[in-house]
Amino acid sequence: MVGAYARLVENHLPPRTAAFFDLDKTVIAKSSTLAFGRSFYHGGLINRRAVLRTAYAQFVYLVGGADHDQMEGMRKYLSELCRGWNVQQVREIVAETLHDLIDPIIYDEAASLIEEHHAAGRDVVIVSASGSEVVEPIGEMLGADHVVATRMVVENGAYNGEIEHYVYGPAKAEAIADLAELEGYDLERSFAYSDSVTDIPMLETVGHPYAVNPDRALRKEAVARDWPVLTFNRPVRLNQRIPSLSMPAGPALAVAVGAAAATAGLVWLAARRRRPVAVS
C-alpha cells in the first residue's frame, strides 16, 4: 500500500528541468581559458611569446567571435601548449587567481538568470569547451549544479597533450542528452543559452533556446527559427551586485517568479555554496 502511494506521488511530481549555459561570452565576457594566460606565465608554465599569442587570440575571439576552423586551431594550439603541465599546479594557479580574473567579468544578466532558474527549481549546468580545471572552479563560483567541460589526458600527474573528451559542437548536445538521462531532466521544458553558431546542436536539444550576444551566424539562425535574442553587457563582481529576480523584457523567459527579495537572496547564497558535480 505504501509502495503504491509512493508511486502515485512520484507520477504526479513535476518533471525535473535544467538550464544549460555556455560559458565564454555567455556567462563571462571573455574566453575563460585565455583569461589565465598571464597567470600561467607568472607560474612558469608559458613564455612571454605565448602570453602575447593568447592575448591576440583573446582579442580576435572578442571582436570577431570564433568559427569552427578558428576553434579547431585554438584547440590544437592550447592542447599542444599545455603538454607537460603539472595538473595540480594548474589547479592551484586557477584557484589563486580565479576571483581576480573571472569574478569581474561575469555578466550581471547571466548571474540573474542563474538565480531565477534556481528559484524556479531548475538545475543550472555549465557546458563549455574549455578545460575542466578552469571551468569547474568557475561553475562552483556561480553556484552551478553540474559542470560539463573538456578533459585532457593526464599521465603521471601531467597533461600529455591529447584530449580525452572535447565538449564542442555536437558533443555538447550529446553531453546534455547523457546528463538529462542520468538526472531525469525533461529537455523539452529545459533552457539553453549560447553566443556561438557552433552551439546550435546544444540549443536544439531543449524546448527553450536563447541566443546570447550571438555571433552573426547565430543571430541569423535565431531570427530564422524565432529564438529569443538576449544582450548581456554588464560585467560585475558577484559580491558587488544585489540578487534580483527581474525578468528580461518581452518573451525572453518563461520563468514563474513570485518569491520575495529576501527569499531570492537566500536562494542566491545557497546556490553559491553548492559545489558543481563534474560530469564525465
Side-chain angles (χ1 to χ4, degrees), residues 20-55 57-58 61 71 74-106 110-111 114 123-168 171-172 175 179 235 237-239 271-280:
F20 302 92
F21 288 83
D22 173 50
L23 182 60
D24 301 346
K25 295 177 70 177
T26 301
V27 175
I28 65 175
K30 296 182 180 180
S31 162
S32 52
T33 299
L34 298 178
F36 287 93
R38 289 190 176 274
S39 297
F40 292 151
Y41 167 71
H42 290 303
L45 295 177
I46 60 177
N47 57 30
R48 186 178 296 275
R49 181 179 180 182
V51 173
L52 294 175
R53 185 166 180 179
T54 55
Q58 182 77 267
Y61 181 71
M71 286 294 291
M74 191 180 301
R75 176 188 66 82
K76 292 178 182 177
Y77 168 68
L78 292 175
S79 60
E80 180 62 31
L81 179 68
C82 73
R83 184 192 301 271
W85 287 8
N86 181 277
V87 177
Q88 184 57 35
Q89 183 182 6
V90 172
R91 288 175 176 158
E92 290 173 357
I93 290 174
V94 171
E96 290 170 1
T97 59
L98 179 69
H99 289 276
D100 290 336
L101 294 176
I102 302 300
D103 200 351
I105 61 174
I106 295 172
I114 289 172
D123 281 1
V124 169
V125 184
I126 303 297
V127 188
S128 175
S130 294
S132 59
E133 285 76 17
V134 169
V135 181
E136 288 173 14
I138 296 175
E140 182 176 1
M141 175 191 294
L142 293 166
D145 301 279
H146 300 280
V147 166
V148 181
T150 293
R151 296 192 309 275
M152 302 291 292
V153 177
V154 177
E155 292 181 354
N156 300 319
Y159 301 119
N160 71 357
E162 298 180 3
I163 295 178
E164 178 182 350
H165 183 211
Y166 188 33
V167 183
Y168 169 74
K172 279 192 177 183
L179 182 61
R237 287 186 178 273
L238 289 178
N239 62 1
R272 289 197 62 193
R273 293 193 179 101
R274 297 182 187 179
R275 185 174 186 86
V277 178
V279 178
S280 300

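These numbers come from a predicted model, not from an experiment. Computed from heavy atoms alone, side chains included, the values below leave out hydrogens, waters and symmetry copies.
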Interatomic distance, Phe20 atom CZ to Lys172 atom NZ [nearest 0.5 angstrom]
12.5 Å
Heavy-atom nearest pair, Ala175 first then Val148, reads CB-CG1, 3.6 Å
Just verifying a value: how many Å separate Met141 CE and Ile102 CD1, rounded to the nearest 0.5 Å?
7.0 Å
Can you name the residues that form a side chain to side chain donor-acceptor pair (under 3.5 Å) with Asn86, not counting sequence neighbours?
none
Minimum heavy-atom distance Leu238-Ala111, with the two atoms named:
CD2-CB, 4.0 Å
Which atom of Pro137 lies closest to which atom of Val94, heavy atoms considered:
CG-CG1, 4.0 Å
Which residues satisfy the side chain to side chain donor-acceptor pair (under 3.5 Å) test with Thr26, sequence neighbours excluded?
Asp22, Asp195
Decide yes or no on side chain to side chain contact (heavy atoms under 4.5 Å, CB included) for Tyr159 and Val90, but give the supporting numbers first.
CA-CA 10 Å; Tyr159 301 119; Val90 172; 3.9 Å; yes
Nearest 0.5 angstrom please: Leu179 CG to Asp145 CG, how far?
10.0 Å
Residue pair Ala29 / Pro235: nearest heavy atoms and the distance that separates them
CB-CG, 4.3 Å
Once you round to the nearest 0.5 Å, how far does CG of Leu23 lie from OG of Ser130?
6.0 Å
Looking only at heavy atoms, the pair that brings Asn160 and Arg83 closest together is O-NH1, 2.8 Å
What verdict does the side chain to side chain contact (heavy atoms under 4.5 Å, CB included) test give for Phe21 and Val124, after you've listed the backbone C-alpha separation in whole Å, the side-chain angles of each residue and the deciding distance to 0.1 Å?
CA-CA 8 Å; Phe21 288 83; Val124 169; 4.0 Å; yes
Leu142 vs Ile126 side-chain heavy atoms within contact, under 4.5 Å
yes
To check you understand the geometry: which heavy-atom pair defines the closest contact between Lys30 and Ile105, and what is its length?
CB-CD1, 4.0 Å
Just verifying a value: how many Å separate Gln88 CD and Glu133 CD, rounded to the nearest 0.5 Å?
10.0 Å
Report the distance from atom CG of Asp100 to atom CZ of Arg237, rounding to the nearest 0.5 Å.
6.5 Å
